[in-house]
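Everything numeric here is computed off the predicted structure, so don't read it as measured data. Note on naming: letters A, B, ... go to the chains in the order of the sequence lines (proteins, then strands), and numbering restarts at 1 for each one.
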Amino acid sequence: MNKVLLEHFFPPKDPFSPPPRLRPQKKAPPLWKEEVATALSKHSHTSALGPDGIPYSTWKQVNRISHSVLLEILFPLVSLGYHPASLTGSNGILLDKSGKPSSKSPASFRIIALIRTVSKILGRIIVPRLLMAARAKWLLNPNQCGSLPGLSTYDAVLTLFNYVKTLQRPRLKVSSLFWDIKAGFNKVDNSTQARILREGGIPPYLVSVYRRSLANGAAPSSFRGP
Amino acid sequence: MNNHTTRSRKGPAPIPNLFSIVQHNCFGSWDVFLSLFELFKEATTYPSVVFLQEAPVRKAHLPSFNGFRSFFPPVRKPRVAAYVHISFLASFSVLPRFRGVDDALALDISSQEPLFGTSFHSFRLINAYSTNTHDHCVDSVSPETLFLTLEVALLVVGDLNIHNPLSDPLSSFSPREIGSSTPYFEMAAEAGFALLNPPGEYTRVPLVGKARSLVIDLSFANPLLLPMVKGWEVSLPLTGSDHVPITITLAPPNQIPSPRRPRWADTDWETLSPIIKSFQIPPAPLSPSPTDLDAWLAGSLDRLTALLKEHTPVSRRSHYSKLWWSPHLTTLRCKFHKASRTARKHGTLALRDVANTSKAVYFKAIKAAKNKHWSSLLLNATPQSLWTAKRFVYGRTPPRFPTLPGAETPQ
């Protein structure tokens with residue numbers, strides 16, 4: 001069972017080896033206290049805790065008392081373009097999917113990974129920067145609605161509806177084909193993704209942090225027995 | 001008592017203090033026997049004990065397998081057998097017990113050292129193969145034989161050929177089937193045994209024909225053994241028998257108490273504020289190796305986390321928490337409520353029986369847990385806790401002065 005779940009949720013990927021020395025990235029802009037505050041404000045007080053056991057409410061209070069603490073911890077990671085291994089650990093929890101009869105198939109489970117809160121804060125800082133850069137370089141498909149702030153499934157439905165109506169107007173026959181790519185997120189090739197970002201003109205420090213945040217993670221997972 | 005043929009087989013030995021027990025109905029077939037033992041070569045370790053029902057017999061002897069020693073009742077055609085790994089025999093004393101019957105055997109396992117990290121020095125395993133005789137009216141192995149009330153940890157495994165909604169809630173059974181199986185489950189409940197089989201997990205799957213799949217290979221653990229049961233699974237491949245091999249894992253119970261949770265809402269920020277303001281993060285190395293950067297970050301975060309935790313009180317045991325409660329009771333409570341809900345929803349007689357039995361098992365387990373805790377409290381009473389025990393028995397003394405309406409003091 002463990003083997004099946006591992007293969008399903010964590011398919012084997014090419015090993016990623018970091019460089020022997022990290023150099024400060026010249027194009028990495030400084031980290032502002034407003035960025036940290038915004039990143040913290042997006043986290044709920046009641047989020048489940050990761051391996052460090054520190055809730056966001058505590059980090060928010062620490063940041064209110066002194067901005068320099070989180071800035072001094074996070075800025076070297078941004079400027080060096082590195083996501084350390086100590087931040088990639090997480091606690092995995094397997095949840096049963098309701099209505100799935102067999103408990104032997106990995107498809108009957110959903111996994112959530114509770115990562116360290118500092119790692120999530122760093123992620124909340126990097127993602128807006130990455131999004132802004134990707135928008136500026138026109139790397140986003142105009143029809144993409146997933147994982148983008150301000151857009152939702154409702155917008156995706158409206159876009160599709162608009163396409164269909166536009167084509168039907170000149171009396172064309174229109175068919176919609178829906179694809180569900182099974183375990184698509186698990187099987188994304190990170191090196192290809194990083195290459196696309198680099199070729200698209202994304203700053204190297206962002207590509208580097210993003211690439212390394214996905215590498216060499218460990219998630220001891222627990223699930224309820226029979 | 002053993003060894004008819006010898007084969008040269010080598011494999012990894014069992015891991016100490018992690019006992020793996022396999023039970024399987026061999027269907028009287030040598031091929032099934034060999035398939036089963038060949039499977040262990042693929043596994044990371046050999047099981048400590050293999051319990052067989054309907055083992056193949058030739059001239060009153062059972063087949064042997066290198067690395068295992070067999071035990072079976074001294075009758076012409078034994079129907080149950082136990083194969084114990086030799087490395088297990090080297091570490092533990094194994095005493096087989098036969099009662100002159102061909103369908104049940106017990107192994108008393110003892111050790112000079114405490115077992116499973118507990119105070120027990122011995123435990124018992126019972127293997128049974130019960131068949132219906134006299135036109136399905138009498139079972140060859142009675143429930144009294146199996147579910148003994150002992151002060152030792154006891155595991156009962158076997159092909160009992162009984163059908164009950166408790167083990168297979170989704171199937172429908174005839175009143176006769178339920179009637180013949182109920183004494184087993186009632187007796188098990190009386191003695192505090194817990195069924196290890198996940199409800200509805202089939203253990204007999206017909207290879208041909210349209211016969212129904214069944215849950216008849218059952219495993220029960222008594223309350224003393226239950227904390228040590230780490231797993232019940234049917235992960236081994238089929239062997240050619242219509243029964244599936246079952247693996248039961250026993251391991252030391254997790255006695256490491258979970259760390260007390262910090263109460264983050266009650267952090268003493270007044271004291272902590274000046275400390276955090278003056279808290280200095282050491283500067284990061286200029287062009288570090290990934291390991292150096294990792295060590296710097298981990299060190300900084302550890303210092304900060306330790307500081308935060310130092311000024312945060314930890315949670316205390318609630319006044320209402322029950323000291324006698326156990327995870328086993330939680331499981332029984334879940335089963336009881338689930339059975340009750342299902343019975344209320346569908347309202348069939350069989351489901352109501354299941355709900356009643358689950359209720360009886362749950363409440364008996366609570367009673368047993370309370371009694372055990374009370375005995376333990378009295379046994380380990382100190383001069384201080386003795387008065388607590390007395391207060392439980394006699395209750396609080398009534399107030400000496402009656403409460404006078406409107407008066408602030410007794411005077």
Spell out, as yes or no, whether a donor-acceptor pair under 3.5 Å connects the side chain of Asp294(B) to the backbone of Ser86(A).
yes

Between Ile65(A) and Lys277(B), does a side-chain contact (heavy atoms from CB on, under 4.5 Å) hold up when you go through it step by step?
CA-CA 7 Å; Ile65(A) 294 167; Lys277(B) 277 180 186 163; 3.8 Å; yes

Would you say Arg212(B) has more than 12 foreign heavy atoms packed within less than 6.0 Å of its CZ?
yes

Which heavy-atom pair separates Asp52(A) from Lys309(B) by the least distance, and what is that distance?
O-NZ, 3.8 Å

Nearest 0.5 angstrom please: Ile281(B) CD1 to Leu74(A) CG, how far?
9.5 Å

Which atoms form the tightest heavy-atom contact between Trp59(A) and Leu301(B), and what is the distance?
CH2-CD2, 4.2 Å

Shortest non-hydrogen pair, Leu286(B) vs Leu80(A), comes out as O-CD2, 3.9 Å

Under 4.5 Å to a heavy atom of chain A? For Asn197(B) that would be neither

CZ of Arg21(A) to OG of Ser287(B), rounded to nearest 0.5 Å, is 6.0 Å

Need one label for Arg64(A): side chain, backbone, both or neither, based on atoms under 4.5 Å from any heavy atom in chain B.
neither

Check whether Leu272(B) gets within reach of chain A through its side chain, its backbone, both or neither, counting any heavy atom under 4.5 Å.
neither

Measuring from atom OG of Ser273(B) to atom CD of Gln61(A), what distance do you get when rounded to the nearest 0.5 angstrom?
6.5 Å

Less than 4.5 Å apart, any side-chain heavy atom of Tyr82(A) and any of Pro288(B)?
no

So with a 6.0 Å cut-off around CZ of Arg204(B), is the heavy-atom count from everything else above 12?
yes

Taking Trp264(B) for its side chain and Gly53(A) for its backbone only, find out whether a donor-acceptor pair lies under 3.5 Å.
yes

Would you indicate whether Lys338(B), at its atom NZ, is surrounded by more than 12 heavy atoms from other residues, nucleotides or ligands within a distance under 6.0 Å?
no

Chain A contact via Leu297(B) - side chain, backbone, both or neither, heavy atoms under 4.5 Å
side chain

Under 4.5 Å from any heavy atom of chain B - which part of Ile73(A):
both

List the residues meeting side-chain contact (heavy atoms from CB on, under 4.5 Å) with Ser57(A), not counting sequence neighbours, and say none if there are none.
His45(A), Pro55(A)

Rounding to 0.5 Å, atoms CG (Leu77(A)) and CG (Leu293(B)) come to a distance of 6.0 Å

Should we say atom CH2 of Trp32(A) is surrounded by more than 12 heavy atoms from elsewhere, each under 6.0 Å from it?
no

